[in-house]
Amino acid sequence: MTMVRSLVFVLWLYLSMAVFAVGLSPALLLPYRQAMWVIRGWARFCLWGLRWIAGVRVEFRGLEHRPAGAALLAGKHQSMLDVIAPFAVLPDNCFIMKKELLPLPFFGWFAWKTGMIAVDRSAHSKALKDMVKQARARFAEGRQILIFPEGTRAPVGAPADYKPGIAALYRDLEMPVIPMALNTGVHWPKHGFSRYPGTIVFEFLPAIPPGLKRGEFMREMETRIEAATNALIAEGL
């Protein structure tokens with residue numbers, strides 16, 4: 001039954017993506033907030049389908065730590081859902097993505113319209129400078145920037161591998177960092193189409209204050225995210 005429900009959900013997910021992107025594409029001609037409305041609406045629709053088709057509930061914890069204005073968030077990354085779900089609860093979210101995705105029809109167009117931060121990873125130091133430059137612009141607009149410091153999705157239980165890009169943003173933007181823990185990989189794995197019933201939790205943690213030295217900041221961030229993520233997985237939801 002899980003396999004059948006998973007397959008139905010995956011088909012429904014991509015069909016809904018096409019319907020929202022194509023059917024509401026005129027929003028691309030309007031101010032970016034209208035395009036954000038399309039993304040936010042689809043994210044909530046996705047969570048609705050995940051619950052009622054695949055039997056996977058999504059719960060948000062630590063909402064008292066959720067930012068209202070300009071903010072920098074650093075999240076664990078286990079699943080495609082990590083990119084989708086935050087749009088349902090953050091007021092003006094943008095995330096850091098691979099520049100190669102921008103030319104994709106509709107997905108890339110909406111990402112460009114809504115000011116997602118696209119980075120050419122092959123450019124190395126230039127990519128880092130460009131990321132910081134774009135982040136400053138998004139901060140000036142009062143937006144919440146979500147970065148996944150590991151750079152790519154990792155299976156549950158894989159060793160942590162946090163990259164230094166987040167440290168550059170932390171230093172140059174002189175802002176607190178709000179860590180985000182999750183257990184998405186338990187129910188929505190990195191590979192395959194299986195979605196396992198249960199409860200996915202996204203947990204916003206207390207902010208790490210600005211001003212820490214790079215090494216101290218990286219250790220604190222990794223310790224907080226990994227400990228909270230492991231605790232969520234251990235709950236066996």
Side-chain angles (χ1 to χ4, degrees), residues 61-62 65 71-86 90 93-102 111 116-135 138 144-173 175-192 194-196 200-210 212-237:
R61 297 181 185 175
H65 305 302
L72 180 60
L73 300 96
K76 185 69 178 173
H77 199 14
Q78 297 178 342
S79 167
M80 174 183 169
L81 187 65
D82 307 341
V83 177
I84 300 170
L90 294 175
N93 178 41
C94 68
F95 63 90
I96 296 173
M97 59 181 283
K98 294 186 293 185
K99 191 173 184 178
E100 294 85 349
L101 298 176
L102 281 181
M116 302 300 150
I117 298 175
V119 177
D120 181 3
R121 295 180 180 178
S122 64
H124 303 297
S125 60
K126 182 179 181 298
L128 189 60
K129 292 178 181 178
D130 186 45
M131 179 177 70
V132 171
K133 180 181 178 181
Q134 292 185 66
R138 300 291 84 78
Q144 301 86 47
I145 299 173
L146 174 59
I147 181 173
F148 299 104
E150 292 174 285
T152 188
R153 293 169 293 169
V156 173
D161 184 21
Y162 287 75
K163 306 296 192 298
I166 179 66
L169 292 175
Y170 173 75
R171 179 197 64 216
D172 286 34
L173 297 173
M175 290 285 290
V177 170
I178 300 169
M180 185 180 72
L182 45 79
N183 67 341
T184 50
V186 174
H187 305 283
W188 186 322
K190 176 181 178 180
H191 298 297
S194 295
R195 306 292 181 262
Y196 299 102
I200 285 176
V201 178
F202 289 84
E203 183 175 7
F204 297 101
L205 306 173
I208 300 172
L212 299 180
K213 292 183 179 179
R214 174 173 169 166
E216 183 182 4
F217 163 70
M218 291 296 291
R219 286 191 297 273
E220 180 69 14
M221 177 192 63
E222 180 175 339
T223 297
R224 290 197 193 186
I225 293 176
E226 291 300 311
T229 293
N230 290 337
L232 290 175
I233 293 170
E235 287 186 36
L237 300 172

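None of the values given here were measured: they were computed from a predicted structure. Computed over heavy atoms, backbone and side chain alike; hydrogens, waters and symmetry mates excluded.
Going from atom CE of M131 over to atom CD1 of I96 covers 5.0 Å, rounded to the nearest 0.5 Å. Rounded to the nearest 0.5 angstrom, I166 CD1 and E222 CD are separated by 13.0 Å. Atom-to-atom distance recorded for L81:CG and L182:CG is 8.5 Å, nearest 0.5 angstrom. Remark: L73 CG to L205 CG distance equals 10.0 Å, nearest 0.5 Å. Atoms CE and CG, from M175 and L169 in turn, are 11.5 Å apart once rounded to the nearest 0.5 Å. Atom CG of D161 is separated from atom NE2 of H77 by 13.0 Å, given to the nearest 0.5 angstrom.
For the pair P176/P210, a side-chain contact is recorded, criterion being any heavy-atom separation below 4.5 Å from C-beta on. Taking the side chain as every heavy atom from C-beta outward, D82 and K76 never approach each other to under 4.5 Å.
E150 has no carboxylate O lying under 4.0 Å from a charged side-chain N of K190, or vice versa, which leaves the two without a salt bridge.
Of all the heavy atoms in F204 and H65, the pair that sits closest is O-CD2, 3.3 Å. The two residues L232 and R61 have their closest heavy-atom pair at CD2-NH1, 3.5 Å. Closest approach of V201 and N183 over heavy atoms only: N-OD1, 2.7 Å. Residues M116 and C94 share a closest heavy-atom pair of SD-CA, 3.5 Å. Between Q134 and A118, the shortest heavy-atom contact is NE2-O, 2.9 Å. Residues P189 and S194 share a closest heavy-atom pair of CD-O, 3.2 Å.
Formation of a donor-acceptor pair under 3.5 Å by the Y170 side chain with backbone atoms of L212 is found in this model. Side chain of R224 to main chain of P206: a donor-acceptor pair is present (N/O by atom type, distance under 3.5 Å, no hydrogens or angles). A side-chain donor-acceptor contact under 3.5 Å links H187 to the backbone of Y196.
In summary, the side chains of N230 and E226 do not present any donor paired with an acceptor at a separation below 3.5 Å, with no hydrogens or angles considered.
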- Message: Using side-chain contact (heavy atoms from CB on, under 4.5 Å), reason through M97 and V83 one step at a time and then give a plain yes or no.
- Response: CA-CA 10 Å; M97 59 181 283; V83 177; over 6 Å; no
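Atom NZ of K98 has 12 or fewer neighbouring heavy atoms from other residues, nucleotides or ligands inside a 6.0 Å radius.
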